[in-house]
Amino acid sequence: MNIDLTIGTVVADAVKTLYGQDIPASQVQVQKTKKEFEGDLTVVVFPFVKAARKSPEQTGAEIGEYLVANQPFIASYNVIKGFLNLSIGKAYWVDELNRMHADPHYGTATPAPDAPLMMIEYSSPNTNKPLHLGHIRNNLLGYSIAEIQKACGWRVVKTNIVNDRGIHICKSMLAWKRFGSGETPESSGMKGDHLVGKYYVIFDQHYKAEVKELMAQGMSEDEAKRQAPLIQEAQRMLLAWEQGNPEVRNLWHMMNGWVYAGFDETYRKLGVDFDKIYYESQTYLEGKAKVEEGLAKGVFYRRPDGSVWADLAANGLDEKLLLRADGTSVYMTQDIGTAKMRYEDYPIDKMVYVVGNEQNYHFQVLSILLDRLGFAWGKSLVHFSYGMVELPEGKMKSREGTVVDADDLIEEMVNTARETAIELGKVDENNPAELDEVARIVGLGALKYFILKVDPRKNMLFNPKESIDFNGNTGPFIQYTHARIKSVLRKADEQGIDFRSPVDAQLPVSDKEAYLVQLLTGFEGVVRQAGEEFSPALIANYLYDLVKEYNQFYHDFSILREEDEALKRFRLALSDTVARVVKTGMGLLGIEVPERM
């Protein structure tokens, strides 16, 4: 039961009884009482002053007196100007703990078979390079958003669109053909996606050298970039691919196969997955057909050179190219084709694209075009626009080979977690195999939490060393607290203490314990808000606040050494509920929590 909604309901009832004014409970403004004032929850009184025809202080006092007299769970009140501070009775919080502790799925909903369907697209890699730090943020956000939406009652389909065709793919293919000497993942010992990425960089190096040479011969830079032999050959290769040339297609299949094997390994390490993968090579023709259909209906128009455009002036935008003069497609064409296929495959109620904020304009246009083409969810599609990840050294550039490789970063995080844990003595009881597993869980947890705790719409600076800290707002701090609680609970089980049955609501619990329970009751609302706002950061920072508060409780109160058996059981039940909420919340972020450290 959400305490804010409960307070909203009883305040609405009080206002109706006292002043004859009907107000929805959801419109009663309830917030946590500021720490400098006495109380648990504060109601904003100003909206009721007109109906009461009294000052804010008098109105607050009347409502407070009514609530204390008629609601047993409200112990007392005080009024500060136009704010009514309510103190909730301790028995209420103990009852709430019993409720949460008894619910194995507390805080989350299980989607019904007929629940609305949300499709979430994330990852969207190109097959000319391995996944990098920017992809990590994309994948972690996409996966977490999917888990949160499921917890909010949506049915979810996780999809990926692989950009497996185009000039950038041909650059890697041509460089391998020219300079590769038959090198394969097996012969080189390199992951396939790394090998292909190596040749993308090699292409750029040779291409720049050609441009430089042409400019030395007197050509302008723009002309040299167009006339360089390598780029012209890559463009011929792209046309050959579109025409189905067997040699080009076989090379494409082979190199893409290497990349997919590499991607799968990285996805597995990251702990993300997909229900359905689409490929641009399969969707762009569908997109071209849909554009031609729109052309026939007058939704689009053809210019004298044969290119097809959408006029978006009515939407306050410019014109958008959909098919080039030579008939080849652009990204927008592919996205229209992918949308068509997805709509045929699934009864989508809401479509969410997890794509960086540099594509804001693209998705604004896509929404308009899909709506014009008759897709029911086109107008309401969500572009989950997130910020870029930067390093202390600055921005990353793929073609120059200066990106932070995802596999290298994961390995570095796991190794750092192992070294840090050993140094701090956090894993003294673990054997080598257990240490490896803890290092994997903590290293990945540090990486994921550091990225997900930031407001996703903001650019962020990633600092690996800062993320692995066992103190402060980090994944390891939360994971270590979970392991600490599980250790206490194991000892309680060894001593035969029953902490899973309901505890006595009349226990004399402290203000700190009651406040910790109150924090736990907020978990449901945080999950719901995170779903509405598409923000895993809300859950991450809630968990940090919860764990920080629990650690203060752990420091100030005895648990297993408490002599009052009823209080001991209460504190164990409280600890168990905190651990379960931490595990559930971290799971929504795609983060594992260790049982032991």
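- Salt-bridge formation is detected for the pair Asp193/Lys191: a Lys NZ or Arg NE/NH1/NH2 atom is positioned less than 4.0 Å from an Asp or Glu carboxylate oxygen.
- Ring orientation note: the planes of Phe450 and Phe462 are nearly perpendicular, at an angle over 60° on the 30°/60° scale.
- A cation-pi arrangement is absent between Arg580 and Tyr106, since the terminal nitrogen or guanidinium carbon is not both under 6.0 Å from the aromatic centre and inside a 45° cone about the axis.
- The main-chain N or O of Val201 is never found under 3.5 Å from a side-chain atom of Lys129 such that the two would form a donor-acceptor pair.
- Remark: Asp436 does not engage Arg440 in a salt bridge, criterion side-chain N to carboxylate O under 4.0 Å.
- The minimum heavy-atom distance between Val442 and Gln479, with the atom names listed, is CA-OE1, 3.4 Å.
- Ring geometry for Tyr343 versus Phe375: interplanar angle over 60°, hence perpendicular rather than tilted (30 to 60°).
- If you check the side chains of Ser220 and Asp222, you find no donor sitting under 3.5 Å from an acceptor.
- Closest heavy-atom contact between Trp252 and Asp164: NE1-O, 2.6 Å.
- Between Glu221 and Lys225 there is a salt bridge, since a side-chain N of the basic residue sits under 4.0 Å from a carboxylate O of the acidic one.
- In Glu247, the CD atom is not crowded: 12 or fewer heavy atoms of neighbouring residues, nucleotides or ligands sit closer than 6.0 Å.
- Side chain to side chain, Glu183 and Tyr199 meet the donor-acceptor criterion of an N or O pair below 3.5 Å.
- The one candidate from Asp345, Asn160, Thr338 that meets the side chain to side chain donor-acceptor pair (under 3.5 Å) condition with Tyr278 is Asp345.
- With a 4.5 Å cut-off on side-chain heavy atoms, Pro536 and Leu588 do not count as touching.
- Judged by a 6.0 Å distance limit and a 45° cone about the ring axis, Arg303 is positioned over the six-membered ring of Trp309.
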Please lay out, stage by stage, how Glu411 and Lys269 fare under the test salt bridge (charged side-chain N to carboxylate O under 4.0 Å, His left out).
CA-CA 10 Å; Glu411 184 178 356; Lys269 286 179 189 173; over 6 Å; no
If you apply the rule salt bridge (charged side-chain N to carboxylate O under 4.0 Å, His left out), what do you find for Glu344 with Lys340, and how did you get there?
CA-CA 6 Å; Glu344 290 169 350; Lys340 174 180 179 291; 2.9 Å; yes
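- The aromatic rings of Phe363 and Tyr353 lie tilted to each other, with the angle between the two planes from 30° to 60°.
- Between Tyr122 and Tyr386, the gap from one ring centroid to the other reaches at least 6.0 Å.
- The number of heavy atoms from other shown groups lying within 6.0 Å of NZ (Lys583) does not exceed 12.
- Between Glu286 and Lys290, none of the side-chain N atoms (NZ, or NE/NH1/NH2) sits under 4.0 Å from a carboxylate O, so this pair counts as no salt bridge.
- Met388 and Asn459 make their closest contact through N-OD1, 2.8 Å (heavy atoms, listed as atom of the first residue, atom of the second, distance).
- With a 6.0 Å radius and a threshold of 12 heavy atoms from other residues, nucleotides or ligands, Glu213 has its CD atom at or below the threshold.
- In summary, the side chains of Thr159 and Tyr346 do not present any donor paired with an acceptor at a separation below 3.5 Å, with no hydrogens or angles considered.
- Counting heavy atoms from C-beta outward, Glu121 and Arg342 have side chains that approach closer than 4.5 Å.
- With Arg155 as the partner, the side chain to side chain contact (heavy atoms under 4.5 Å, CB included) test is satisfied by one option alone out of Pro111, Pro113, Pro116: Pro111.
- There is no side-chain donor-acceptor pair under 3.5 Å between Asn163 and His168.
- Under the side chain to side chain contact (heavy atoms under 4.5 Å, CB included) rule, Lys448 has a single partner from Leu589, Leu140, Asn139, which is Leu140.
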Please evaluate residues Leu323 and Lys288 with respect to the criterion side chain to side chain contact (heavy atoms under 4.5 Å, CB included), reporting the C-alpha separation (whole Å), side-chain torsions for both, the decisive distance (0.1 Å), and the verdict.
CA-CA 7 Å; Leu323 288 176; Lys288 289 172 78 168; 3.6 Å; yes
